[in-house]
Student: 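Pasting a structure here, questions to come.
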Amino acid sequence: MQRALSVSRMTGNLSTFPDWYQAIVREADLAEVSPTRGAMIIKPWGYGVWERIQQTLDRRIKETGHENCYFPLFIPLSFFAKEAQHVEGFAKEMAVVTHHRLKSVDGKLVPDPDARLEEPLVVRPTSETIIGDAFSRWIKSHRDLPVLINQWANVVRWEMRTRLFLRTSEFLWQEGHTAHATAEEGREETLKMLEVYREFSETVLAMPVVAGEKPENERFPGADKTYSIEAMMQDGKALQAGTSHDLGTHFAEAQNIRFQNSAGELVHCHTTSWGVSTRLIGGVIMTHGDDDGLRLPPAIAPRQVVIVPMLRDKPEDAEVLVAGEALVKALGQVTALGEPVRALLDTKAQKSAEKRWNWVRRGAPVIIELGPRDVAGGTISFMRRDRLRDGDKVASQSMSREDFLAGLPALLAEIQQGLYDEAKARLEANIRTDIATFDDMAAFFGAAAADEEEATAFRGWVRAPWARPTGDELEAIEQKLKALRLTLRNAPMDQPAIFGPCLFTGRPGVEEILIGRAY
RNA sequence: CGGAGUGUGGCUCAGUCUGGUAGAGCACCGCGUUCGGGACGCGGGGGUCGCAGGUUCAAAUCCUGCCACUCCGACCA
């Protein structure tokens, strides 16, 4: 069987998975590496996916009472000195601006030594510090609370090794920042946004996740509690797809965010922050992609229906194009998944066969081939990207134009749901809950695997009770897991009533935790 | 920063050991025949062979230095 991609994601072992991922990013026209180290160029189709993510998530952020705003890209260096854990967490990956002018020296452009900034500026790795500073001025009274804001922005983290969408030195995200009067309100906000992310990921991205609390060692620098949604990729690895942090009063104390309560006392706010990034696109690729390329859930597909006109440099071409334009218009009148259908007539001067496969690779959910016979007969011939093939053949179907238009909302909803169900089944089938000892777990993850093929085979995750150790004991466990290339992912929100013994210590368990390999 | 590897047209790579006019497939351009399941024929454009030195009549090829990238580790939401 011919594949659209030159690389298969599943060839017995998963050593080709990274190649497959890169092939999709390139061949689905999503992004490319840029001349700037570690940063990516997001191409129109990839950016279109991001815009869909923005639109659908932004609506949810606003529906939960938040407002958008914008803070500066540059943050004075001194702002980071205020919260010790925070600076320790980010110090090693900050881009710093030290000069404001270039100078030509011996024909080479260099920063002008006379133009050194009094105080260096950090390109934001996240905005808690500068937003907290604003909060300290905005908030005086309990009547000012809560403050609920969000910003869509780019941030920079100077990572050692980068991968398109998954870890880049610059990435796009949204970061929500809120301030509350009480610990209880802060906790509620943190969990509310975690739930927004879970619902968004599952219904819009069709990407099932496990929402839970991160263990102490994986917390955001300066947070009381960090929660995450974790998605399982097709190689069995975990992708942290979104985080929500209960910052307690750490940042409020460091930045003097205080208010007078109704009793007249001056007290610290409780703050939160939460974010998702362009990494989600990487998650979508590794959740839904197949050997023919990307498969986009209709909710985030920039174009849900693409019409490829069958043109042959003959007089009837004009009729086909007219019919195609009319069809785009008619599709725009159809409402699916709560919005007008996004359709495109691909008039690019390219062979139709080529265009068709380009849209297959890009993951357009429904691809219509519109030829003279369809125009004459009033029919629509189309293929579903989620069920592209029937054996070796491309599975194409045909129906009347009326039936197609009437059935399209249900079709797009079915594709959306089908992609979710497929991923959900994979997630559920690959969380082992029957592993009771560390050695059994090590064996399961192929610690003793003789060859590379066995060592890189699909594993999934282990979910097991643990005693929630802390400090040095947790550190030791982390190191032990690291030797197996494993990490603690999160303690899922849905916990049973009783627990077996701790996988690591043998003591009575207090909750269940997920363990797996991660991106 | 440690270990390994790779730098040759847009992409994937051959050629390097054994120095002798820079190649293939795909992609791209033109013409023709095709076109509703990834077409074919003929013609064509495009590369200072990562960079800088050196050896030589002659360097992609040999020598020296440097740089970049990839993978593994370290690091990392």
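Only heavy atoms go into these numbers, but all of them, side chains included; no hydrogens, no water, no symmetry mates. Here is how names work: the chains are called A, B, and so on, in the same order as the sequence lines, proteins then strands, and each is numbered from 1.
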Student: Which one, C76(B), G38(B), G36(B), comes nearest to the side chain of P372(A)?
Tutor: G36(B)
Student: Please list all pairs meeting side-chain hydrogen bond (donor to acceptor under 3.5 Å, both in side chains) that have one or both residues in residues 305-324 of chain A, counting only residues at least two apart or in different chains.
Tutor: none
Student: Can you tell me how far P of C11(B) sits from CD of E27(A), to the nearest Å?
Tutor: 13 Å
Student: Measure the distance from NZ on K393(A) to C1' on G38(B) and round it to the nearest whole Å.
Tutor: 16 Å
Student: Which listed nucleotide (G38(B), G36(B), C76(B)) is nearest to the side chain of E93(A)?
Tutor: C76(B)
Student: Tell me, for nucleotides 24-31 of chain B in 5' to 3' order, what letter each nucleotide earns: B for a base near a protein heavy atom under 4.0 Å, S for only sugar-phosphate near one, - for neither?
Tutor: ----S---
Student: With sequence neighbours excluded, give me every salt bridge (Lys or Arg N to Asp or Glu O under 4.0 Å) pair touching residues 345-358 of chain A.
Tutor: R356(A)-E369(A)
Student: State which residues pass side-chain hydrogen bond (donor to acceptor under 3.5 Å, both in side chains) with Q22(A); sequence neighbours excluded, sorted by chain then number.
Tutor: none
Student: Applying ring pair (Phe, Tyr, Trp, His ring centres under 6.0 Å), which residue pairs with at least one partner in residues 358-386 of chain A are found, sequence neighbours left out?
Tutor: W45(A)-W359(A), F382(A)-F404(A)
Student: Can you tell me how far C1' in G50(B) sits from the matching atom in C76(B), rounded to whole Å?
Tutor: 29 Å
Student: For residues 224-234 of chain A, which residue pairs qualify under salt bridge (Lys or Arg N to Asp or Glu O under 4.0 Å), counting only residues two or more places apart or in two chains?
Tutor: K214(A)-E230(A), E230(A)-R489(A)
Student: Counting Watson-Crick and G-U wobble pairs only, both distances under 3.5 Å, name the nucleotide matched with C17(B), or none.
Tutor: none
Student: With both distances under 3.5 angstrom, what nucleotide forms a Watson-Crick or G-U wobble pair with A68(B)?
Tutor: U6(B)
Student: Roughly, in whole Å, what's the span from CD in E478(A) to C1' in C76(B)?
Tutor: 12 Å
Student: For U12(B), which nucleotide is its Watson-Crick or G-U wobble mate, given both distances must be under 3.5 Å?
Tutor: A24(B)
Student: Using the 3.5 Å cut-off, write out each protein N or O paired with an N or O of nucleotides 71-74 of chain B and the distance between them.
Tutor:
unit_1 : atom_1 : unit_2  : atom_2 : d
C72(B) : OP2    : R161(A) : NH1    : 2.6
G73(B) : N7     : R161(A) : NH2    : 3.4

Student: From CG of L311(A) over to C1' of G36(B), roughly how many Å is that when rounded to an integer?
Tutor: 12 Å
Student: Would you mind telling me which residue lines up with the more 5' stretch of RNA chain B, T226(A) or V394(A), judged by nearest nucleotide?
Tutor: V394(A)
Student: Could you tell me whether the side chain of T487(A) and the main chain of G516(A) form a donor-acceptor pair under 3.5 Å?
Tutor: yes
Student: Determine the Euclidean distance between corresponding P atoms of A22(B) and G46(B); express it in Å to zero decimal places.
Tutor: 15 Å
Student: Please tell me which of A395(A) and D313(A) maps to the more 5' nucleotide of RNA chain B, matching each residue to the nucleotide holding its nearest heavy atom.
Tutor: D313(A)
Student: Rounding to an integer number of angstrom, what distance separates A52(B) and U6(B) when you compare their P atoms?
Tutor: 22 Å
Student: Could you write out each protein N or O paired with an N or O of nucleotides 39-47 of chain B at a distance under 3.5 Å?
Tutor:
unit_1 : atom_1 : unit_2  : atom_2 : d
A39(B) : OP1    : K351(A) : NZ     : 3.3
A39(B) : N7     : K351(A) : NZ     : 3.2

Student: With rounding to whole Å, what would you report as the distance between C28(B) and A68(B) at their C1' atoms?
Tutor: 27 Å
Student: When the distance from CE of M383(A) to C1' of G38(B) is rounded to whole Å, what number comes out?
Tutor: 11 Å
Student: Base, sugar-phosphate alone, or nothing: which one does R373(A) contact when heavy atoms must sit under 4.0 Å apart?
Tutor: base
Student: Using the side-chain contact (heavy atoms from CB on, under 4.5 Å) criterion, which residues pair with S169(A)? Sequence neighbours excluded.
Tutor: A39(A), W158(A)
Student: Nearest-Å distance, CE (M94(A)) to C1' (C75(B))?
Tutor: 15 Å
Student: Is the shortest side-chain N to carboxylate O distance from E202(A) to R198(A) below 4.0 Å?
Tutor: yes
Student: Roughly how many Å apart are U21(B) and G47(B), using the C1' atom of each and rounding to a whole number?
Tutor: 15 Å
Student: At under 4.0 Å between heavy atoms, what does P221(A) touch on the DNA or RNA strands: base, sugar-phosphate, or nothing?
Tutor: base
Student: In this structure, how many angstroms lie between the P atom of C76(B) and the CZ atom of R219(A), rounded?
Tutor: 17 Å
Student: Got a sec, which residues hit side-chain contact (heavy atoms from CB on, under 4.5 Å) with R167(A), two or more places apart in sequence or on another chain?
Tutor: E159(A), R279(A)
Student: Please pick, from C76(B), G38(B), G36(B), the nucleotide with the shortest atom-to-atom distance to any side-chain atom of S381(A).
Tutor: G36(B)
Student: Please determine, for G73(B), whether a Watson-Crick or G-U wobble partner exists with both distances under 3.5 Å, and give it or none.
Tutor: C1(B)
Student: Looking across every strand, which nucleic acid part, if any, lies under 4.0 Å from S352(A) by heavy atom: base, sugar-phosphate, or nothing?
Tutor: nothing
Student: Which pair of non-hydrogen atoms, one from R517(A) and one from L484(A), has the smallest distance, and what is that distance?
Tutor: NH2-O, 3.2 Å
Student: Do Q350(A) and N358(A) come close enough that some side-chain heavy atom pair is under 4.5 Å?
Tutor: yes
Student: Which value, in whole Å, describes the distance between the P atoms of nucleotides A60(B) and C49(B)?
Tutor: 6 Å
Student: Are the charged groups of E195(A) and R60(A) less than 4.0 angstrom apart, N to O?
Tutor: no
Student: Can you tell me which residue pairs pass the ring pair (Phe, Tyr, Trp, His ring centres under 6.0 Å) test with a partner in residues 470-490 of chain A, sequence neighbours excluded?
Tutor: none
Student: In whole Å, I'd like the distance from the CD1 atom of I307(A) to the C1' atom of G36(B).
Tutor: 16 Å
Student: Across all strands, who's sitting opposite A39(B) as a Watson-Crick or G-U wobble pair, both distances under 3.5 Å?
Tutor: U33(B)
Student: Just to verify, what does A231(A) make a side-chain contact (heavy atoms from CB on, under 4.5 Å) with, not counting sequence neighbours?
Tutor: M207(A), V209(A), M233(A)
Student: In whole Å, what separates the C1' atom of U16(B) from that of A59(B)?
Tutor: 10 Å
Student: Using the P atom in both, what is the distance from C51(B) to G7(B), to the nearest Å?
Tutor: 14 Å
Student: Counting distance alone, no hydrogens or angles: does the base of C35(B) have a donor or acceptor under 3.5 Å from a partner atom on the side chain of R312(A)?
Tutor: no
